[in-house]
Amino acid sequence: MNQRYQHKEIEEKWQKIWDRQKLFKVTEDPTKKKYYLLEMFPYPSGKIHMGHVRNYSIGDVVARYKKMKGFNVLHPMAWDAFGMPAENAAIEHGVHPAKWTYENIDYMRNQLKRMGFSYDWDREFATCDVSYYQWEQLFFLKMYEKGLAYKRRSFVNWCEICKTVLANEQVMSDGTCWRGHADDSGVTQKELDQWFFKITEYAEELLEWCEKLPGWPERVLTMQRNWIGKSIGAEIHFPLENSKEVIKVFTTRQDTVFGATFMSLAPEHPLALSLSKGTAQEQSVREFVERMRRQDKIKRTAETAEKEGIFTGGYCLNPLTQARMPIFVANFVLMEYGTGAVMAVPTHDQRDFEFAKKFGLPLIVVVQTEDLTLDANTMAEAYEGEGFLVNSGQFNGMDSVRAREKIAQYLEEKGLGGSRISYRLRDWGISRQRYWGAPIPIIYCDRCGTVSVPEKDLPVVLPSHVEITGTGQSPLTGLKEFVETRCPQCNGPAQRETDTMDTFVESSWYFDRFACPDYDKGPLEKKRVDYWMPVDQYIGGIEHAILHLLYSRFFTRVLKEMGWVSVSEPFTNLLTQGMVCKEVYECPKDGYLFPDEVTLQGEKLHCQKCDSQISIGRLEKMSKSKKNVVDPEYLIEKYGADTARMFCLFASPPEKDLDWSDQGVEGSARFLNRVWRLIYEQHHHLLNIRPLPFGVVLAGDQKALRQKTHRTIKKVTEDIERFHLNTAISAIMELVNEIYVSALKDSTDERSRKVIREAMEMVVVLLSPFVPHFAEELWEALGFQESIMKTQWPDYDPDAILEDEILIVIQINGRLRDRMTIPVSYGEEEVKVWALKSERIQKLVEGKEIKRVILVPKKLVNIVC
RNA sequence: GCCGAAGUGGUGGAAUUGGUAGACACGCCAUCUUGAGGGGGUGGUGGGUAAUCCCCGUGGGGGUUCAAAUCCCCCCUUCGGCACCA
């Protein structure tokens with residue numbers, strides 16, 4: 001054993017050994033209990049970042065722990081390898097996306113190996129490989145057959161910087177692209193033919209199952225529920241005047257239908273233009289609609305935006321009152337929610353109220369309460385609450401909640417609509433006008449129309465010779481040999497679809513593929529997938545709370561229906577780890593600065609470029625643009641992978657944000673050195689010593705240290721189980737501190753040696769999931785031949801953790817006044833008596849009447865007086 | 001506006017079937033070791049105070065209780081999600 005802890009040497013040594021022994025390779029073994037631990041796989045952007053280090057360190061602790069616990073642990077890693085950065089690199093530097101991607105993968109694989117994560121590397125794959133995405137094309141065809149994939153012309157979110165379409169989930173609430181460009185000009189609307197996956201068909205199931213995922217963080221489920229956005233209401237048909245056509249609306253307040261005095265349509269609604277045709281309004285309506293369509297959707301639909309609208313010239317009839325209702329086009333009505341048409345009840349909806357006031361439209365109160373008496377002539381705002389119905393024909397006097405039910409029933413009976421449920425969730429637009437993605441297996445024939453590529457002709461391989469220019473059109477469109485093909489039905493000339501699939505399609509089933517990455521007769525080998533799925537523990541960033549996690553849940557249901565998987569939900573337990581943050585320096589003139597561009601002058605920080613004074617910004621997520629990143633590579637070089645892992649795990653609990661601290665890293669390194677020195681000093685005298693068996697009776701220092709050792713085993717085990725990794729490490733630190741001050745260290749007594757030996761062994765074993773190379777090396781120094789990973793996770797001796805004396809706190813009126821140590825065997829009365837005997841207590845209660853004495857066994861005595 | 005999470009020393013954070021607030025670590029202080037520096041060992045470190053007495057103290061205010069960081073009510077702040085969703 002080396003006197004000094006040489007991290008580089010040790011880490012290289014053990015990584016080689018693990019590799020050679022294939023220590024983390026797993027196969028399906030029905031005799032063993034499986035445990036599938038998965039971390040979100042990375043996009044191969046070039047280098048790993050601290051977020052990866054943290055995410056994968058957390059996962060690795062659990063994977064190694066479960067393995068030592070005897071589980072058959074699947075812990076795989078792969079690459080989410082399709083996507084735009086590869087294509088952008090091609091545009092900027094002329095390097096082919098495939099070359100760029102595979103080189104990045106090689107580099108990052110090497111970095112992950114240097115971190116010592118316990119992956120079964122034999123299961124690695126890259127999603128940009130045809131052996132992976134070919135199966136996605138098969139899924140697409142099956143979904144197309146079932147109507148779950150379809151094409152429609154629609155308004156889509158278009159990011160001018162990415163030059164592609166975004167799904168609704170990929171547009172942030174401030175109207176920017178989820179990729180977060182430095183110069184974010186916002187996402188605009190564009191009308192395009194697009195492929196969609198019918199996720200809306202699963203809205204109810206996905207929502208219902210939110211209740212059946214107790215292993216998920218509540219906030220993720222809440223976000224998903226919000227996103228699905230279920231509303232219970234009714235559809236009502238309003239006949240157009242002088243026409244057989246009806247306008248269908250969705251409302252959650254069908255109880256107010258008697259108060260509907262006009263109609264509002266979305267600018268995109270087909271009737272908006274047709275109703276005004278040939279009327280005096282035709283021109284102005286057209287102008288209004290055009291203007292709205294051009295306007296930024298986010299701005300148009302912001303709550304603060306002014307209500308704008310225009311009369312179409314058309315009328316419809318309120319089906320319950322036969323009142324004549326003018327039809328307007330209004331900026332706040334959204335085509336993609338409900339039916340794109342809203343019955344306007346100005347008395348009981350604030351938006352309609354404002355709109356009616358602006359256009360001088362009639363108000364009819366239809367809901368009243370006992371307390372307020374609403375008057376249409378004087379009311380200053382809409383009343384949106386519940387009450388009883390008035391001016392509502394046969395429904396008068398009925399409670400508004402009950403009226404909703406009755407009116408829906410009535411509508412149903414009369415064929416005027418009926419109960420409906422509406423969701424906010426839209427279908428998932430998967431078309432991307434990009435090269436670096438999985439081609440959609442569709443052919444367009446002039447004669448036969450849209451034809452799917454026959455299964456036997458799969459895969460549609462992404463051509464490698466292509467010119468990438470970044471014009472906004474898929475580079476595939478200009479590629480004759482790709483586009484021009486024969487129709488599989490009539491053999492006539494035809495063209496291939498040039499859109500590729502959203503990269504979230506790849507990440508929606510990669511976790512299934514890990515069960516059988518080498519399988520080539522189909523996408524998934526049922527037997528193996530059934531053995532491993534579902535994922536027992538999934539770990540990743542909160543930023544995927546909706547996107548990836550919702551898509552994956554949807555995809556799992558689809559694959560289940562197709563018979564490829566047996567589970568409905570892919571992830572049993574989910575841990576969303578916090579971000580890695582560091583303070584930012586921002587100069588008023590020069591923007592964000594690197595830490596070495598800042599100098600300390602007295603108490604104040606100054607910019608080296610312009611000498612302006614700089615305030616230390618708040619902690620922000622590490623990002624290149626904010627110049628506050630720490631490169632893991634540097635950490636591995638200087639401190640080693642184990643120290644880097646140690647810091648990430650110790651500095652904060654997994655689900656919270658981690659604040660970067662250089663001093664904290666030093667502290668972690670110091671702790672490992674401290675453990676190293678301890679074992680270095682002792683290991684010669686411990687070599688042939690074996691720990692005492694369970695149940696042995698000790699006394700004094702021996703008993704004390706053995707007790708601490710076994711309590712630490714208990715604590716660390718429980719803490720890992722509940723992901724309190726920071727406190728698990730604290731517990732080990734405490735044990736180390738105790739060994740340092742223990743008199744047993746210098747004793748030559750055989751029993752003392754055994755107790756010390758056990759304490760040391762346990763420090764190393766308990767540390768092994770956290771700092772595996774370090775632990776392996778010390779384990780070897782303690783005389784073990786085999787990898788520490790082959791050791792059983794230790795149990796604690798229940799006898800060893802028992803006390804025979806305990807500390808009892810004595811309170812007077814709930815305030816701490818004294819402490820006493822008493823034998824554990826004392827009965828309740830005995831404890832009370834002893835507490836009252838205390839000198840200090842005697843003094844304090846002197847002359848007072850003791851009203852009550854409360855005893856909490858093994859904890860405290862509280863004297864009330 | 002609605003929903004959710006959080007607020008504890010100089011700092012990161014412990015402790016919630018109500019029962020010693022501040023484990024562990026960073027920083028700081030003292031002391032020992034070393035020729036010095038670094039490193040290391042030991043001890044101390046919430047605030048007030050000469051104090052091992054006592055008082056105050058878990059965002060603020062009230063309450064329940066023998067006892068509240070923990071439970072209840074009101075309020076404040078921060079972060080995240082949703083939001084003209086009919």
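Naming: A, B, ... by sequence-line order, numbering from 1 per chain.
In the set B/rA86, B/rG80, B/rA14, the nucleotide with an atom closest to the side chain of A/S231 is B/rA86. Out of B/rA86, B/rC66, B/rA25, the shortest distance to the side chain of A/I854 is found at B/rC66. Taking every side-chain heavy atom of A/R674 into account, B/rG41 is the closest of B/rC84, B/rG41, B/rA14. Closest approach to the A/V333 side chain among B/rA86, B/rC24, B/rA14 is made by B/rA86 (side chain taken as heavy atoms from C-beta onward). Closest to the A/R670 side chain, of the nucleotides B/rG40, B/rG12, B/rC54, is B/rG40. For A/S652, the side-chain atoms get nearest to B/rG13 when compared with the rest of B/rU42, B/rA86, B/rG13. Of the candidate nucleotides B/rU20, B/rG40, B/rA86, B/rU20 has the atom nearest to the side chain of A/L816. Listed nucleotides: B/rA86, B/rG4, B/rC66. Nearest to the side chain of A/R852: B/rC66. Side-chain atoms of A/R815 lie closest to B/rC55 of the nucleotides B/rC85, B/rC55, B/rG41. The nucleotide whose nearest atom lies closest to any side-chain atom of A/R677 is, among B/rC84, B/rG41, B/rG19, B/rG41.
For the P atoms, the distance linking B/rG61 with B/rC56 amounts to 14 Å, nearest Å. Separation of the P atoms belonging to B/rU11 and B/rU20 is 24 Å when rounded to the nearest angstrom. Separating the P atom of B/rG38 from that of B/rA69 is a span of 42 Å, rounded to the nearest Å. Using P as the reference atom, B/rG46 and B/rA21 are 14 Å apart when rounded to the nearest Å. Between B/rU45 and B/rA36, the two C1' atoms lie 28 Å apart (nearest whole Å). Taking the P atoms as reference points, B/rG47 lies 13 Å from B/rG22, given to the whole Å. Taking the C1' atoms as reference points, B/rA15 lies 24 Å from B/rC79, given to the whole Å. Annotation: B/rA6 and B/rC72 have their P atoms spaced 13 Å apart (nearest Å).
Residue A/V864 is in sugar-phosphate contact alone, with no base atom involved, counting any heavy-atom pair closer than 4.0 Å across all strands shown. Counting any heavy atom pair closer than 4.0 Å across all strands shown, A/Q811 reaches a base atom. In this structure, A/L807 reaches the bases: a heavy-atom distance under 4.0 Å links it to at least one base atom across the strands shown. Within 4.0 Å (heavy atoms only), A/F671 reaches no atom of the nucleic acid at all. Within the 4.0 angstrom heavy-atom criterion, only backbone atoms of the sugar-phosphate kind lie near A/Q663; the bases stay farther away. Using a 4.0 Å heavy-atom criterion, one finds that A/P217 contacts no nucleic acid atom at all. Contact annotation for A/R4: no contact, since no heavy-atom pair falls under 4.0 Å across all strands. The residue A/R819 sits close to a base: some heavy atom pair falls under 4.0 Å. As judged by a 4.0 angstrom heavy-atom cut-off over every strand, A/S661 is placed among residues making no nucleic acid contact. At a threshold of 4.0 angstrom between heavy atoms, the contacts of A/R420 with the nucleic acid are absent. Residue contacts shown for A/N737 are limited to sugar-phosphate atoms, with no base heavy atom under 4.0 Å away. Counting non-hydrogen atoms under 4.0 angstrom, A/R711 reaches nothing in the nucleic acid.
For B/rA15, the OP1/OP2 oxygens have a side-chain nitrogen or oxygen of A/H724 closer than 4.0 Å. In terms of phosphate contacts, A/R817 brings no side-chain nitrogen or oxygen within less than 4.0 Å of OP1 or OP2 of B/rU20. Between A/N726 and B/rA14 there is a side-chain polar atom (N or O) within less than 4.0 angstrom of OP1 or OP2.
Ranked by how close their nearest RNA chain B nucleotide is to the 5' end, A/M733 and A/P653 are led by A/P653. RNA chain B is contacted by both A/L844 and A/E734; A/E734 maps to the nucleotide lying nearer its 5′ end (nearest heavy atom per residue).
A syn base is found at B/rG9: its glycosidic angle is within 90° of 0.
Using modelled atom types and a 3.5 Å distance limit, the side chains of A/S231 and A/Y337 yield a donor-acceptor pair. For A/Q3 and A/R677, the side-chain atoms include no donor-acceptor pair closer than 3.5 Å. A/S652 and A/R54 share a side-chain donor-acceptor pair at under 3.5 Å. Under 3.5 Å, the side chains of A/R424 and A/N226 contain no donor-acceptor pair of N or O atoms. Side chains of A/Q682 and A/Y680: no donor on one and acceptor on the other come within 3.5 Å. Between the side chains of A/S400 and A/E386, a donor-acceptor pair is found at a separation under 3.5 Å.
Taking atom CG on A/D349 and atom P on B/rG1, their separation rounds to 18 Å, with Å as the unit. In this entry the distance linking CZ of A/R426 with C1' of B/rC85 reads 9 Å, nearest Å. We find that CD1 of A/I546 is positioned 11 Å from C1' of B/rG80, with the value rounded to whole Å. Across the protein-nucleic acid pair, A/Y423 atom OH and B/rA86 atom C1' stand 17 Å apart, rounded to whole Å. Atom NZ in A/K656 sits roughly 12 Å away from atom C1' in B/rU11 (whole-Å rounding). In this structure, A/D255 atom CG and B/rA86 atom C1' are separated by 13 Å, rounded to whole Å. Rounded to a whole Å, the CG atom of A/L672 is 18 Å from the P atom of B/rC24. Atom CD in A/E718 sits roughly 16 Å away from atom C1' in B/rA14 (whole-Å rounding).
With hydrogens and angles ignored, no donor-acceptor pair closer than 3.5 Å exists between the side chain of A/N226 and the base of B/rC82. With hydrogens and angles left out, the side chain of A/R351 and the base of B/rA86 share a donor-acceptor pair within 3.5 Å. Checked by distance alone, A/K307 brings a side-chain donor or acceptor within 3.5 Å of a matching partner on the base of B/rC84.
For A/E828, the CD atom is loosely surrounded, since the number of other residues' heavy atoms within 6.0 Å does not exceed 12. Applying the 6.0 Å contact sphere to CD of A/E839 captures no more than 12 heavy atoms from other residues, nucleotides or ligands. Annotation: A/R722, atom CZ; neighbour count of heavy atoms from other residues, nucleotides and ligands within 6.0 Å is above 12.
Judged as a side chain to side chain donor-acceptor pair (under 3.5 Å), not a single pair has a partner in residues 849-862 of chain A (not counting sequence neighbours).
Secondary structure note: stems in RNA chain B built from 3 or more consecutive Watson-Crick or G-U wobble pairs under 3.5 Å occupy B:1-7 with B:76-82, B:10-12 with B:24-26, B:27-33 with B:39-45, B:46-48 with B:54-56, B:59-63 with B:71-75.
Between A/E204 and A/K230, at least one side-chain nitrogen of the basic residue sits less than 4.0 Å from a carboxylate oxygen of the acidic one, meeting the salt-bridge criterion. The pair A/K714-A/E718 counts as a salt bridge, with a side-chain nitrogen and a carboxylate oxygen less than 4.0 angstrom apart.
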